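This one's a predicted model, so the numbers in the text were calculated from it and none came from an experiment.
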Amino acid sequence: MASFLKFQSRQHIFSVTPPPSSFGILKAIDLIDEEPFWKDRLWDNINYFKKGLNDLGLDTGITCSAIIPVKIGDQNKMWDIGRILLEEGVYTNPIMYPAVARKDARIRMTVTARHKREHLDKTLNVFDDINKKLHIAKK
């Protein structure tokens with residue numbers, strides 16, 4: 001019986017003590033009440049950035065969060081775009097199969113309340129340049 005439980009109770013085998021960084025989550029929850037302007041700034045940044053990407057004709061899907069994908073489709077193009085963005089000082093996460101379907105490769109970005117308008121504009125300008133070279137706009 002002990003062997004059965006050991007190998008069938010994945011949540012037990014894969015559970016670990018939370019890392020010290022998890023205490024940051026508790027502080028973040030406190031800050032929601034103490035400093036509500038961060039939430040407002042985050043949503044301003046999300047809406048501004050997503051509108052900018054959409055105005056460029058890029059496909060951001062139906063996201064309603066600070067994690068914004070730019071759907072590329074072609075995995076090889078996605079790698080080129082990821083490289084160009086990194087060379088321009090823009091950190092992103094290229095996402096490909098098996099995390100998404102083979103024809104659904106994307107660049108995933110996370111917007112924060114700490115981003116300034118110039119950070120978002122720089123990224124939008126890089127995407128505009130990329131679009132002119134690689135024709136990634138869907139619209």
Is the number of heavy atoms from other residues, nucleotides or ligands under 6.0 Å of Arg83 CZ greater than 12?
-> yes

Of all heavy-atom pairs between Glu88 and Val126, which one has the smallest distance, and what is that distance?
-> CB-CG2, 3.8 Å

Inter-residue atom distance Leu42.CG - Thr112.OG1, 0.5 Å rounding = 7.5 Å

Find out whether Lys103 and Tyr97 are in side-chain contact, i.e. whether some heavy atom of one side chain is under 4.5 Å from a heavy atom of the other.
-> no

Could you tell me whether the side chain of Lys71 and the main chain of Lys138 form a donor-acceptor pair under 3.5 Å?
-> no

Ile95 reachable from Ile136 in the ILVMFWY side-chain graph, under 4.5 Å edges | no

Minimum side-chain heavy-atom gap Leu124-Leu53 below 4.5 Å = yes

Mind checking whether Leu120 and Ile84 sit in one hydrophobic cluster, side chains of I, L, V, M, F, W, Y counted as touching below 4.5 Å?
-> yes

Where the side chain of Lys77 meets the backbone of Ala105, is there a donor-acceptor pair that is under 3.5 Å apart?
-> no

Is there side-chain contact between Tyr48 and Val111, with heavy atoms separated by less than 4.5 Å?
-> no

Any side-chain heavy-atom pair of Met109 and Phe49 under 4.5 Å = yes

Distance from Thr60 atom OG1 to Ile67 atom CD1, nearest 0.5 Å?
-> 13.5 Å

Verify side chain to side chain contact (heavy atoms under 4.5 Å, CB included) between Phe127 and Val90, making sure each step is shown before the conclusion.
-> CA-CA 10 Å; Phe127 267 108; Val90 178; 5.7 Å; no

Are any of the side-chain heavy atoms of Leu85 and Ile130 separated by less than 4.5 Å?
-> yes

Calculate, to the nearest 0.5 Å, the distance between atoms CG and CG belonging to Asn131 and Leu58 respectively.
-> 5.5 Å

Between Lys133 and Asp129, is a salt bridge (Lys or Arg N to Asp or Glu O under 4.0 Å) present by the stated rule, with each step listed?
-> CA-CA 6 Å; Lys133 293 177 194 169; Asp129 291 343; over 6 Å; no

One should read off an interatomic distance between Leu134 CG and Asp80 CG, to the nearest 0.5 angstrom, of 6.5 Å

Just how far is it from atom CG of Asp74 to atom CH2 of Trp79, taken to the nearest 0.5 Å?
-> 12.5 Å

To the nearest 0.5 Å, how far apart are OG1 in Thr110 and NE2 in His115?
-> 8.5 Å

Closest non-hydrogen atoms of Arg41 and Ala113, given as atom of the first, atom of the second and distance, are CD-O, 2.9 Å

